[in-house]
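The structure under discussion appears below in the form of structure tokens.
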Amino acid sequence: QVQLVESGGGLVQAGGSLRLSCAASGSIFTINAMGWYRQAPGKQRELVAHITGSGTKYADSVNGRFAITRDNAKNTVSLKMNSLKPEDTAVYYCNVDVVHSGSYTSRIYWGQGTQVTVSS
């Protein structure tokens, strides 16, 4: 099993910045990919940013404002969010594609979610 612990959400004014972090621990052989999704009230969960060994991918709505990074040694992924807008308000979820130690099976895990609220 793998546990994900998210941190860093909160309330910020429009134009401000926040950093989200997610730490994975447990039976990890390697991590294929890490990412962040968000879900606003009444909307579907959507991809915000994604990072693999090959590179990064961003939603058009956050490209140029958000930056995703990962620390392979610590099994962590962070999302630096700049120039935040009220429409960025949502619950943000960490998403990690893990290959388990021993079995070498893979599974996708989700964090518990962290609220980001941007006031106008």
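Since we're looking at a predicted model, the values are computed, not measured.
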*Grab the two heavy atoms, one from Leu4 and one from Gly111, that are nearest each other, plus how far apart they are.*
CD1-N, 3.5 Å
*Give a yes or no on whether the backbone of Thr114 and the side-chain of Glu6 come within a donor-acceptor separation of less than 3.5 Å.*
yes
*Any sub-3.5 Å donor-acceptor pair from Ser106's side-chain atoms to Val98's backbone N or O?*
no
*Closest non-hydrogen atom pair between Ala14 and Ser120, with its separation*: CB-CA, 4.4 Å
*asked:* Under the criterion side-chain contact (heavy atoms from CB on, under 4.5 Å), I'd like the reasoning laid out for Val99 against Thr105: C-alpha separation, chi angles, the key distance, then a yes or no.
replied: CA-CA 5 Å; Val99 177; Thr105 55; over 6 Å; no
*Compare all side-chain heavy atoms of Met81 with those of Trp36 and state whether any distance is below 4.5 angstrom.*
no
*asked:* On a heavy-atom basis, which atom in Gly10 and which in Leu18 lie closest, and how many Å separate them?
replied: O-CD1, 4.0 Å
*Find the distance between CG (Leu20) and OG (Ser7) and round it off to the nearest 0.5 Å.*
8.0 Å
*Is there a side-chain contact between Asn95 and Ile108, using heavy atoms and a 4.5 Å cut-off?*
yes
*List in chain and number order the residues that pass side-chain contact (heavy atoms from CB on, under 4.5 Å) with Gln1, two or more places apart in sequence or in another chain; answer none if no residue qualifies.*
Gln3, Arg107, Tyr109
*Establish, yes or no, whether the cationic atom of Arg38 lies under 6.0 Å from the six-membered ring centre of Tyr93 and within 45° of the ring axis.*
no
*Could you give the distance from CD1 (Ile51) to CD1 (Ile31), rounded to the nearest 0.5 Å?*
11.5 Å
_Do Asn75 and Ile28 make a side-chain contact, defined as non-hydrogen atoms from C-beta onward lying under 4.5 Å apart?_
yes
*Evaluate the side-chain proximity of Thr89 to Val116: yes if any heavy-atom separation is below 4.5 Å, no if none is.*
no
*Is Val2 reachable from Val77 through a run of I, L, V, M, F, W or Y residues, each pair having side-chain heavy atoms under 4.5 Å apart?*
yes
*Identify whether Val62 and Leu47 are in the same connected component of the hydrophobic contact network (ILVMFWY, side-chain heavy atoms under 4.5 Å).*
no
*Aromatic plane relationship, Tyr92 with Phe66 - under 30° parallel, 30 to 60° tilted, over 60° perpendicular*: tilted
*Is there side-chain contact between Tyr37 and Cys94, with heavy atoms separated by less than 4.5 Å?*
no
*State whether a side-chain donor-acceptor pair under 3.5 Å links His100 with Ser27.*
no
*Can you tell me how far the NZ atom of Lys74 sits from the OG atom of Ser21, to the nearest 0.5 Å?*
10.5 Å
*Counting only N and O atoms by type, is there a donor-acceptor contact under 3.5 Å from the side chain of Tyr58 to the main-chain atoms of Ile68?*
yes
*asked:* Once salt bridge (Lys or Arg N to Asp or Glu O under 4.0 Å) is applied, what residue pairs with a partner in residues 59-71 remain, sequence neighbours excluded?
replied: Arg65-Asp88
*Rounded to the nearest 0.5 Å, how far does CD of Glu87 lie from NZ of Lys43?*
8.5 Å
*Could you check Thr52, Val96, Asp97 and say which one makes a side chain to side chain contact (heavy atoms under 4.5 Å, CB included) with Met34?*
Val96
